[in-house]
Student: 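Would you mind keeping the following structure in view while I ask a few things?
If you read the sequence from its start, that first residue is 1, and numbering goes on from there. Note that the structure is predicted; figures quoted are calculated from it, not measured.
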Amino acid sequence: MANNQQLWARRRVLATGGAVSAATIAGCIGGNGDDDGNGDDEVADISEYQHDREEPDDEEAARQSELEFLQPADPDEDYDPVVSFDSYSMQVANLVFDGLYEWDDELNLEPKIADGMPEEEDDGETYFFDIQEGIEFHNGDEVTASDVAHSFTAPVEEETQNAATYGMIESAEPVDDYQLEVTLEHPYGPFTMSTMAVPVVPEAVRTEDTEAFNTDPVGSGPFQFAEFQPGEYVELERWDDYWDEPQPYVQRIRFEAAPDDANRVAQVLAGDTDVIDTVPATEWDEVDGADGVRIHGSRSPSYMYLAFNCNEGETTDPDVRRAVGHSFSMREFVNEHLGPAADPLSSPIPEVTNESGGWEFPMDEWEDEMPEYDPDQAQELLEGAGVPDDWEPRIIAPEGGPREQLAERIGSRLSEIGYGADVQGMSFATLVDTYNTGNVDDYEMYLLGWTGGPDPDVYYYNLFHESQAGVGQGHFYEGEGDFHDNILNARESADQDERRDLYVDVTEEIIEYLPVLPAYSEHNTMAAREEVKDLHAHPSVSYNPRIVSDYQNTWIDE
């Protein structure tokens, strides 16, 4: 299990890291460029890039649409959801497979294959799911409770990298063809907000040859596999017998990877492709002002952060950590370097997670408690902590993007108050091997990112619980009092009010002792030719492009 936890954590880190690849966009939106650090700039609103619904005048013409979608990273090319471990493979798989439940555009979980919400018994340890009758996979087999049971249990039985997501399931047994009983080892708070969104695979087809299934999968979704050239592209075609409404207009989609930001943007601006995933901050103004192209954006549950080494070095002192927080303005940095592509954060919980989960956390109070730009206070705290005059903490970050620039910003601000910093941008592979050693010679601060959904557990357990030290976190914060017990108790409770109170206590301790300084939440963005109609960015990167749902039906208006 330890190995699985490590791999799972790595996916979360990499999934977020892969979405960031920009440098400075001085003068984009907000910030006066003079870097006065007052932090009073207005933050741009990404909702301006969510466009109204559109309907075709000629539905038959719309059904002739073919669409090319460029991804910002090379996918792992694992299209079996039991195995798939990266967001970009899942962008393809999520069009091939239906989930038992799926996220709407505000990250609310709604039934898909399931017939309504489950019946819950035993204080959150047993769930009964009813399955809709008559749903068919692409091969004509009917979806049954046995297929859903296999979808829940296969990741653990086969020890795939997704095992930790379902590891709390003690058993999943069909009651009959259309009802499933799932028993948990213990109440698990995230179950009804996250785990139930399992993609449903056909047990018989998959288990006949799992290796073949991975690159030629069969689902019950609106699209089926048409052609796959490893390392080049994958094409899906519309499944004309799709069981749900609306039926998709697009008849064929081609996915290709285009990791180079400038190349990807150039292709959509030139009309050589239809849609690109992720508008780099460096290119935002050019894309936003271009004729014939629209940006589509949505807030996301991504969370970028600055973490301190609480194991060794000067940053083991909370006054030193707070001094760093006072040495620069996070809000100004976000406005200057990310503009409308991100929002600054004041807790480990992105606003979209708070809202979609109905948590009603005191976000405004937490924002007021964050350290503001105050260089005099920073200097006073460092002197009071006895930090030597020649202190130059090592700050490590993914190379070439906003997080490396944030590290440089912190370093320059520390220099202005008489200290310094050794800022090192690293490849992701090197960073992942470095940020969790706990060795002061390796780092005193690091910048990374994480992504989750409407349940806070994915942030608190993986990024703060002591069991994940040296796995998904490198701050080694020991906590005060019940800090770690509160995180674990919140995970193993099905009572949301109880969980909320525990998370409030945990967050207030994080803000007071600052083992981690929240940075910003980067939005999910796409750029598309204007001919691409009714396209809407989803908060979950793996749901883009969603193409067809109850709130969109994309087509190309030729």
Side-chain angles (χ1 to χ4, degrees), residues 2-21 73 85-86 161 164 302-318 320-321 324-325 328 330 333 345 348 391-411 414 421-452 458-479 484 487 510 513-522:
N3 188 44
N4 285 332
Q5 288 175 333
Q6 182 172 17
L7 290 168
W8 187 83
R10 189 168 294 196
R11 176 180 67 163
R12 294 290 182 177
V13 172
L14 292 172
T16 305
V20 178
S21 53
F85 202 54
D86 69 297
Q161 296 179 5
S302 72
Y303 162 58
M304 307 296 170
Y305 59 90
L306 168 70
F308 297 94
N309 187 339
C310 302
N311 188 56
E312 290 184 356
E314 302 295 342
T315 51
T316 57
D317 187 333
V320 174
R321 304 196 290 265
V324 173
F328 72 105
M330 185 72 78
F333 173 83
L345 287 174
W391 186 51
E392 290 191 355
R394 175 168 292 182
I395 310 174
I396 62 175
E399 60 186 350
R403 286 169 291 189
E404 184 176 13
Q405 293 170 337
L406 178 55
E408 291 169 350
R409 171 64 61 90
I410 296 168
L414 288 174
D422 174 17
V423 175
Q424 293 193 1
M426 298 179 172
S427 69
F428 238 83
T430 302
L431 187 73
V432 167
D433 289 337
T434 305
Y435 80 88
N436 57 11
T437 66
N439 189 331
V440 68
D441 293 331
D442 289 334
Y443 64 96
E444 279 191 273
M445 304 175 218
Y446 64 93
L447 287 126
L448 268 179
W450 200 251
T451 187
V458 71
Y459 303 92
Y460 288 106
Y461 184 76
N462 293 282
L463 297 182
F464 293 99
H465 190 259
E466 58 191 351
S467 65
Q468 303 302 298
V471 181
Q473 59 186 250
H475 49 72
F476 296 92
Y477 176 63
E478 293 184 353
H484 296 292
I487 293 173
I510 291 170
Y513 289 92
L514 289 178
V516 169
L517 185 69
Y520 56 87
S521 180
E522 189 172 28

Student: Mind checking what makes side chain to side chain donor-acceptor pair (under 3.5 Å) contact with Tyr459, not counting sequence neighbours?
Tutor: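 Testing Tyr459 for side chain to side chain donor-acceptor pair (under 3.5 Å), a comparison that skips the adjacent residues, returns Thr353.
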Student: Taking side chain as C-beta onward, heavy atoms only, is Thr434 less than 4.5 Å from Ile396?
Tutor: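 In short, these two side chains touch, coming nearer than 4.5 Å.
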Student: Any non-hydrogen side-chain atom of Glu444 less than 4.5 Å from a side-chain atom of Val320?
Tutor: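 Contact flag for Glu444/Val320 side chains = no.
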Student: What is the ring orientation for His484 with His465, classed by angle as parallel under 30°, tilted 30 to 60°, or perpendicular over 60°?
Tutor: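 Geometry flag for His465 against His484: perpendicular rings.
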Student: If you round to the nearest 0.5 Å, how far is CZ of Arg321 from CG of Leu306?
Tutor: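 Interatomic distance, Leu306 CG to Arg321 CZ, rounded to 0.5 Å: 11.0 Å.
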Student: Using the side chain to side chain donor-acceptor pair (under 3.5 Å) criterion, which residues pair with Tyr446? Sequence neighbours excluded.
Tutor: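 For Tyr446 there are no side chain to side chain donor-acceptor pair (under 3.5 Å) partners, ignoring immediate neighbours.
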Student: Testing the basics here: between Gly325 and Leu517, what is the closest heavy-atom pair and its distance to 0.1 Å?
Tutor: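 The pair with the smallest heavy-atom distance is CA-CD2, 4.1 Å.
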Student: Could you report the tightest heavy-atom contact between Asn462 and Gln473, atom names first, then the distance?
Tutor: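 Residues Asn462 and Gln473, closest heavy atoms: O-NE2, 3.2 Å.
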Student: Rounded to the nearest 0.5 Å, how far apart are CG of Asp86 and CD of Gln161?
Tutor: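 Going from the CG atom of Asp86 to the CD atom of Gln161 covers 9.5 Å.
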Student: If you look at every heavy atom in Val516 and Ala307, which pair is closest and at what distance?
Tutor: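 The pair with the smallest heavy-atom distance is CG2-CB, 3.9 Å.
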Student: Does Met445 offer a backbone N or O that forms a donor-acceptor pair with the side chain of Arg394 under 3.5 Å?
Tutor: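 It does not hold such a pair.
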Student: With rounding to the nearest 0.5 angstrom, report the CD to CD1 distance, Gln405 to Ile410.
Tutor: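 Those atoms lie 12.5 Å apart.
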Student: Taking C-beta and beyond as the side chain, do Glu399 and Ser427 meet within less than 4.5 Å on heavy atoms?
Tutor: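 Yes. Closest side-chain heavy atoms under 4.5 Å.
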Student: Between the side chain of Trp450 and the main-chain N/O of Pro348, is any donor-acceptor distance below 3.5 Å?
Tutor: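 No, because the side chain of Trp450 does not come within donor-acceptor range (under 3.5 Å) of the backbone of Pro348.
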Student: Looking at CG of Asn311 and CG of Asp442, how far apart are the two atoms once the value is rounded to the nearest 0.5 Å?
Tutor: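 Answer for the CG-CG pair, Asn311 versus Asp442, is 11.0 Å.
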Student: Considering all heavy atoms of both residues, which atom of Ser521 and which atom of Ser302 are nearest to each other, and what is their separation?
Tutor: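 The pair with the smallest heavy-atom distance is OG-O, 2.7 Å.
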Student: Of all heavy-atom pairs between Val440 and Gly313, which one has the smallest distance, and what is that distance?
Tutor: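 In terms of heavy atoms, the two residues are closest at CG2-CA, 3.6 Å.
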Student: Quick one, Pro393 and Leu414 - any side-chain contact, counting heavy atoms below 4.5 Å?
Tutor: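 Answer yes - side chains close enough.
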Student: With no hydrogens and no angle check, do the side chains of Tyr461 and Ser467 hold a donor and an acceptor under 3.5 Å apart?
Tutor: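 Yes - a donor-acceptor pair under 3.5 Å links their side chains.
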Student: For the pair Tyr520 and Arg403, evaluate side-chain contact (heavy atoms from CB on, under 4.5 Å) and give the outcome as yes or no after the intermediate values.
Tutor: CA-CA 10 Å; Tyr520 56 87; Arg403 286 169 291 189; 3.3 Å; yes
Student: Measure the shortest side-chain to side-chain distance between Tyr443 and Met426 over non-hydrogen atoms and say whether it is less than 4.5 angstrom.
Tutor: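 No, every pair of side-chain atoms sits at 4.5 Å or beyond.
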Student: What distance separates Leu447 CG from Tyr305 OH, expressed to the nearest 0.5 Å?
Tutor: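 Answer for the CG-OH pair, Leu447 versus Tyr305, is 9.0 Å.
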Student: For a quick test of reading the model, state the closest non-hydrogen atom pair linking Asn309 to Glu312 and the distance between them.
Tutor: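 Answer, listing the atom of Asn309 first, then Glu312: OD1-N, 3.1 Å.
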Student: Taking the side chain as every heavy atom from C-beta outward, state whether Phe328 and Leu406 have any pair of such atoms under 4.5 Å apart.
Tutor: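 Contact flag for Phe328/Leu406 side chains = yes.
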Student: In the structure I gave you, are the side-chain heavy atoms of Tyr513 and Cys310 within less than 4.5 Å of one another anywhere?
Tutor: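 Side-chain contact under 4.5 Å: no.
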Student: How many angstroms lie between CZ in Phe476 and OG1 in Thr316, if you round to the nearest 0.5 Å?
Tutor: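 If we round to the nearest 0.5 Å, Phe476:CZ and Thr316:OG1 are 13.5 Å apart.
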Student: Could you tell me which residues satisfy ring-ring contact (aromatic ring centres under 6.0 Å, His included) with His475, sequence neighbours excluded, listed by chain and number?
Tutor: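 So His475 forms a ring-ring contact (aromatic ring centres under 6.0 Å, His included) with Phe464.
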Student: Would you indicate whether the side-chain heavy atoms of Tyr460 and Gln468 approach each other to under 4.5 Å?
Tutor: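 In short, these two side chains do not touch, never coming nearer than 4.5 Å.
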Student: Show your reasoning for whether side-chain contact (heavy atoms from CB on, under 4.5 Å) applies to Leu514 and Val324.
Tutor: CA-CA 10 Å; Leu514 289 178; Val324 173; over 6 Å; no
